[in-house]
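To keep things clear, I will list the structure first and then write my remarks on it.
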Amino acid sequence: MAKRELGKAFEPAAAEKRLYEYWLKNNYFHAQDESEAPAFSIVIPPPNVTGMLHMGHALNNTLQDIIIRFKRMQGYNTLWMPGMDHAGIATQNVVEQQLIKEGTSRHELGREKFIARVWEWKEKYGGVIINQLKRLGCSCDWERQRFTMDKGLSNAVREVFVRLYNEGMIYQGDYIVNWCPRCHTAISDLEVEFKQDQSFLWNIRYPFADGQGEIVVATTRPETMLGDTAVAVHPNDERYKDKIGKYVILPLMNKKIPIIADDYVTMDFGSGAVKITPASDPNDFAMAQRHNLEIIAVIDGNGFINENGGVYKGQDRYEARKNVVDDLEKGGYLVGTEPYAHNVGQCYRCKTDIEPMVSKQWFVKIKPLAKQAIAAVVKDKTKIIPKTWEATYFEWMNNIRDWCISRQLWWGHRIPVWYCENCKKVIVATVDPDKCPDCGGTSLKQDEDVLDTWFSSALWPFSTLGWPKETKALKTFYPTSLLITGFDILFFWVARMMMMGLYVMKDVPFKHVYLHALVRDEKGEKMSKSKGNSIDPLLMIDQYGTDAFRFTLAAYTAQGRDVRLSPERIEGYKFFVNKIWNASKLTFTNLEDFDESATLNVADSLPDIWIKARLNRAIEEITLSLDEYRFNDAAAAVYRFIWHELCDWYLELSKPVFYGKGAPEKRQAAQKTLYVVFQTMLQLLHPFMPFLTEELWQVLRGSDKDSIMVSKFPVIKEEWINEAAEKEMEMIMEIITSVRNIRGEMRIAPSQKLNVLISAADEQTSKIIEHGENYILNLANLESMKVEINIIEPKGVATAVIGSTKIFVPLAGIVDISGEKARLEKELAKISKDLEQSSRKLANRDFRAKAAPEIIQKEEDKLKDFQKKFATLENALKKLKGLSA
RNA sequence: GGGCGGGUAGCUCAGCCGGGAGAGCGCCACGCUUACACCGUGGAUGUCACAGGUUCGAACCCUGUCCCGCCUACCA
């Protein structure tokens, strides 16, 4: 085998670039539309076209790439479908800001030109995140990349809209919606964020129209009283029973409004009477519909009082609040003001207070869709992982309200509805009509609104595969196998994909949904730009390399737990990368003269057999963990195998053989083992650390061979299973560790060679230990080792015990024996505690009567062990005291 | 108001279908042994939030309490 040179350290930046290009060039990321191999597919949660890679993306896409690479190596025809979302409000905002800087506006430009500008912006600046995903190592099938505003996806949107409309699932009407006075659009219930606000509760007196007394109402929004059209009380409220149907005078507006009765009113809140403003409150709106109340809007789309607000017209809603309160007070209508904490809805995008407003909007009738989506999860057609999220999913789906899908924006899928200006006919069509089907008129006007961005995202799992065309890709990859996303968009996106997938495709969009947690800072706070605590993933990649970064994310991704990240943690895994790099250097040096094809007649050594048995266990654990999306467990298993088994033990045990201190055939056997184990280790690690493993794989096997990413993921090899060897090795390792312990505790210089006497309980153990003599001599740094059966403890030794095996280290002439006393006493204290606990347990009659027999047996074995150890140590201590006395 | 998750070593967290408290980092001691000081070897460290209960036995199961997150909700 050729000589291989590795530099002093892995250089991520250069290697990452080179290897990613190599993968692309060889088309490894590409999935086949048709294949013999079983399909495995994931659609990416499409990032916003305006987006920059943040930690959430980094985590989300790292996890996807780990699974995709794992499955690809397992031989699946693997598709990772990438793409982006047009992000209506966000993108429109970005371009509008640009226009403002240029001293113009979208209104000056006009709709068509504005949209052209957005496209221009998209081509020029949009989608930087795609290149950032590449730096993360994502193995997406880039040839298939989609954008929600693409022609194909836009067709899908229209097709679904028309279908829903024709089946009576979409309707238009004047309803109260969440209106953002800054974005000038309606938003869905989900897009409203509630924030607690320290405000006041104003108590206002409404006099009866007949002059007989008054009724007091409380409100957090006094300015809305301008639009009050009733006062409501509970029908069973004795205080007001006789007042129902009477009228009060609305202060400031000097208007008669009725007192009505409705169950919605809580009797014991405030005075038990509530003012009703149907145009400014969703509950009041609902009540107005029940009671046929007048609906008077007093606040306009900008958040200003309109012409219905009398003298307050033209005032901003907060200014009007102040003035209304002042005037109420002046007029003697204000009964009192009390501090009050309540929730205020804000626009998720711009944090402006939402103004509930009545306007004409499009809605999707959602209950029938939700019903199917619930059933699919109940029947396990789609599995939500971790399962705890199912409850949340059901809770939301069961209480879902109709989805407002129209947005008063320009950037987005324009609603495919046209109005004939001649005969008022409403035309709903997938292709732009040129004349009215009824009257033939050609003066058609398209609905001004666009659809909620999530409407198109909801179709993502099938629209990206070519639907409504019946493509091969759709047939092969739908339903997709898995969706990986953050729990924060369970409702926004996952739930809606479930509903649309079932409605359109008659099948679930994915079989598994893995919901991961949020990335937080080391204090557990959500990362955000405004808090200034966000960590830039690209900076981390620059500093520590993609592999270390990815591994950190995986290692901290425990189900149902947030990922707390800090640069120090990533640095820790950079050390791991370095460790692997150096182990590779050692490996490659020792494999220089290795001939892969040579046949060997020499048997494997114990470490050879052992490391393969351990490798088997690592394969099993990693595979199982990844199958169950336990990323942290999988990462820990790789880490432990590489560092604590391969590096700490196998490489150390094998050094003498490699350095030629034995027969050449033994060296060849070790080389063969190392060659196999090292390759397998790289394969296991590949999903986590794609770059490092590819680099090493190619150096090890020669770069003319295939990439590691298309090699076969390791499976357990029957012939490697060897429990006996694991036990034997464990014995030897324990002996080495106990001598090291004595050395450390007794402060014996590492350079000081020791002689050791070992007392084995039986012939078999004695053989095992003798078998491992060379390993023990080397790793415990001994001059000599002697094993006998049941020898009497010599004088002047330090003693260690492993079960029935005793290890004696003569200290005469090496170190003052008095230190051993303290060491033994410490050990004795520890063991006597265990001993006491165990014997107490066994002395308990109930324990003997009720515990499982194998547990009792185990406990008895334990006790015997403790007793032996205790006796040995005690004996040693006695001897020591006798000696020094 | 309802729901979910969490409170285990100085820090971040595993362990939780009940039977000898773990990892990583940090800390202490020793060591430049021909892959690695981004390292090696050894060591110290915990009334497993609190209070009850079930059990032969509880970090793990049950009940309650206290904190900390998050989600959800129309009490004006």
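Residue numbers begin at 1 in each chain, while the letters A, B, ... track the order of the sequences.
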Q: In whole angstrom, give me the gap between the C1' atoms of B:rA49 and B:rA44.
A: 25 Å
(Q) Over 60° means perpendicular and under 30° means parallel, so tell me whether A:Phe631 and A:Tyr514 are parallel, tilted or perpendicular. (A) perpendicular
Q: Can you tell me the distance, in whole Å, between the CD atom of A:Glu568 and the P atom of B:rC13?
A: 14 Å
Q. How about A:Ile807 and A:Ile735: do any of their side-chain heavy atoms sit closer than 4.5 Å?
A. yes
(Q) Please classify the nucleic acid contact of A:His644 as base, sugar-phosphate, or nothing, using heavy-atom distances under 4.0 Å. (A) sugar-phosphate
Q: Using the P atoms only, state how far B:rA51 lies from B:rC66, rounded to an integer number of Å.
A: 15 Å
Q. Using the ring of each side chain (for Trp, its six-membered ring), is A:Tyr340 parallel, tilted or perpendicular to A:Phe269, with breaks at 30° and 60°?
A. perpendicular
Q. Given the C1' atoms of B:rC11 and B:rC70, what is the spacing between them in whole Å?
A. 23 Å
Q: Indicate, with a heavy-atom threshold strictly under 4.0 Å, whether A:Ser838 touches base, sugar-phosphate, or nothing.
A: nothing
Q.
Can you check the distance between B:rA9 and B:rC48, where both ends of the measurement are the C1' atom (answer in whole Å)?
A. 10 Å
Q: Examine the base of B:rA35 for any acceptor or donor lying under 3.5 Å from a partner atom in the side chain of A:Glu652, and report the outcome as yes or no.
A: yes
Q: Scan A:Tyr556 against the nucleic acid and name what it touches under 4.0 Å (heavy atoms): base, sugar-phosphate only, or nothing.
A: sugar-phosphate
Q | Rounded interatomic separation in angstrom, taking NE2 from A:His234 and C1' from B:rC74 | A | 15 Å
Q | Proximity to the side chain of A:Phe575 - top-ranked nucleotide from B:rC38, B:rA44, B:rG24 | A | B:rC38
Q. Run the side-chain contact (heavy atoms from CB on, under 4.5 Å) check on A:Leu779 and A:Trp649 step by step: do they pass?
A. CA-CA 9 Å; A:Leu779 296 191; A:Trp649 289 102; 3.8 Å; yes
Q: Scan side-chain atoms only and decide if A:Lys275 and A:Thr224 contain a donor-acceptor pair under the 3.5 Å cut-off.
A: yes
Q: Name the pairing partner of B:rG5, where a pair is Watson-Crick or G-U wobble with both distances under 3.5 Å, or state none.
A: B:rC68
Q: Take atom C1' in B:rC4 and the same atom in B:rA76, then report the distance between them in whole Å.
A: 29 Å
(Q) Measuring only the C1' atom in each nucleotide, how far is B:rG46 from B:rG26? A whole number of Å is fine. (A) 16 Å
Q.
Mind checking if A:Arg747 touches a base, just sugar-phosphate, or nothing, with heavy atoms under 4.0 Å?
A. sugar-phosphate
Q) In the structure shown, which nucleotide is the Watson-Crick or G-U wobble counterpart of B:rU41, with both distances under 3.5 Å? A) B:rA29
Q. Under 4.0 angstrom, heavy atoms only, what part of the nucleic acid is A:Ala852 near: base, sugar-phosphate, or nothing?
A. base
Q.
Heavy atoms only, 4.0 Å cut-off, all strands: where does A:Trp643 land among base, sugar-phosphate and nothing?
A. sugar-phosphate
Q | Span that lies between the P atom of B:rA21 and that of B:rG64, in whole angstrom | A | 29 Å
**Q.** Under 3.5 Å on both distances, the Watson-Crick or G-U partner of B:rG52
**A.** B:rC62
Q: Please report, rounded to the nearest Å, how far the P atom of B:rC39 is from the NZ atom of A:Lys574.
A: 10 Å
Q. Looking at CZ of A:Arg401 and CG of A:Asp189, how far apart are the two atoms once the value is rounded to the nearest 0.5 Å?
A. 4.5 Å
Q) Contact class for A:Asn590 vs. all strands (heavy atom < 4.0 Å): base, sugar-phosphate, or nothing? A) nothing
Q) Which of these nucleotides, B:rC71, B:rG19, B:rU34, is closest to any side-chain atom of A:Tyr659? A) B:rU34
Q | Minimum-distance nucleotide (side-chain atoms of A:Ile855 versus B:rC56, B:rG19, B:rA35) | A | B:rG19
Q: Would you indicate what A:Val217 reaches in the nucleic acid, counting non-hydrogen atoms under 4.0 angstrom: base, sugar-phosphate, or nothing?
A: nothing
Q) With a non-hydrogen cut-off below 4.0 angstrom, is A:Glu745 in contact with a base, only sugar-phosphate, or nothing? A) sugar-phosphate
Q: Map A:Asp846 and A:Asn632 onto RNA chain B by nearest heavy atom, then report which one ends up closer to the 5' terminus.
A: A:Asn632
Q.
Please classify the nucleic acid contact of A:Tyr544 as base, sugar-phosphate, or nothing, using heavy-atom distances under 4.0 Å.
A. nothing
Q | A:Asn844 vs A:Lys655, nearer the 5' end of RNA chain B by closest nucleotide | A | A:Lys655
**Q.** Opposite nucleotide pairing with B:rC11, Watson-Crick or G-U, both atom distances under 3.5 Å
**A.** B:rG24
Q. Rounded to the Å, how far apart are A:Trp649 CH2 and B:rU41 P?
A. 8 Å
Q: Tell whether A:Lys579 reaches the base of B:rC38 with its side chain through a donor-acceptor pair below 3.5 angstrom.
A: no
Q: Examine B:rC74: is either OP1 or OP2 under 4.0 Å from a nitrogen or oxygen in the side chain of A:His342? Give yes or no.
A: no
Q) Which part of the nucleic acid, if any, lies within reach of A:Thr266 when heavy atoms closer than 4.0 Å are counted: base, sugar-phosphate only, or nothing? A) base
Q. Is the shortest side-chain N/O distance from A:Tyr264 to OP1 or OP2 of B:rA76 below 4.0 Å?
A. no
Q. A:Lys585 side chain N/O closer than 4.0 Å to the phosphate oxygens (OP1, OP2) of B:rA35?
A. no
Q: Just name whichever nucleotide pairs with B:rU47, Watson-Crick or G-U, keeping both distances under 3.5 Å, else none.
A: none
Q) Is the centre of the A:Tyr573 ring less than 6.0 Å from the centre of the A:Tyr544 ring? A) no
Q) Is there a side-chain contact between A:Leu685 and A:Ile580, using heavy atoms and a 4.5 Å cut-off? A) yes
(Q) By nearest atom, which of the nucleotides B:rC25, B:rG19, B:rC4 is closest to the A:Thr388 side chain? (A) B:rC4
Q.
I'd like the C1' distance from B:rC28 over to B:rC67, given in whole Å.
A. 34 Å
Q) A:Thr220 side chain: which of B:rC36, B:rG19, B:rA76 is closest? A) B:rA76
Q: Please evaluate the base of B:rA35 for a donor-acceptor partner in the side chain of A:Lys8 within a cut-off of under 3.5 Å?
A: no
Q | Closest to side chain of A:Glu859, choosing from B:rG19, B:rA76, B:rA35 | A | B:rG19
(Q) What is the distance, to the nearest angstrom, from the CZ atom on A:Arg848 to the P atom on B:rU55? (A) 22 Å
**Q.** Parallel, tilted or perpendicular: ring planes of A:Phe576 versus A:Tyr639, cut at 30 and 60 degrees
**A.** tilted
Q) What nucleotide, of B:rA73, B:rA76, B:rC70, holds the atom closest to the side chain of A:Phe487? A) B:rC70
Q.
Any base atoms under 4.0 Å from A:Lys826, or only sugar-phosphate, or nothing? Heavy atoms, all strands.
A. sugar-phosphate
(Q) Starting the side chain at C-beta, find the nucleotide from B:rA35, B:rU41, B:rG19 nearest to A:Asn582. (A) B:rA35
Q) So, is A:Asn741 near the phosphate of B:rG43, with a side-chain N or O under 4.0 Å from OP1 or OP2? A) yes
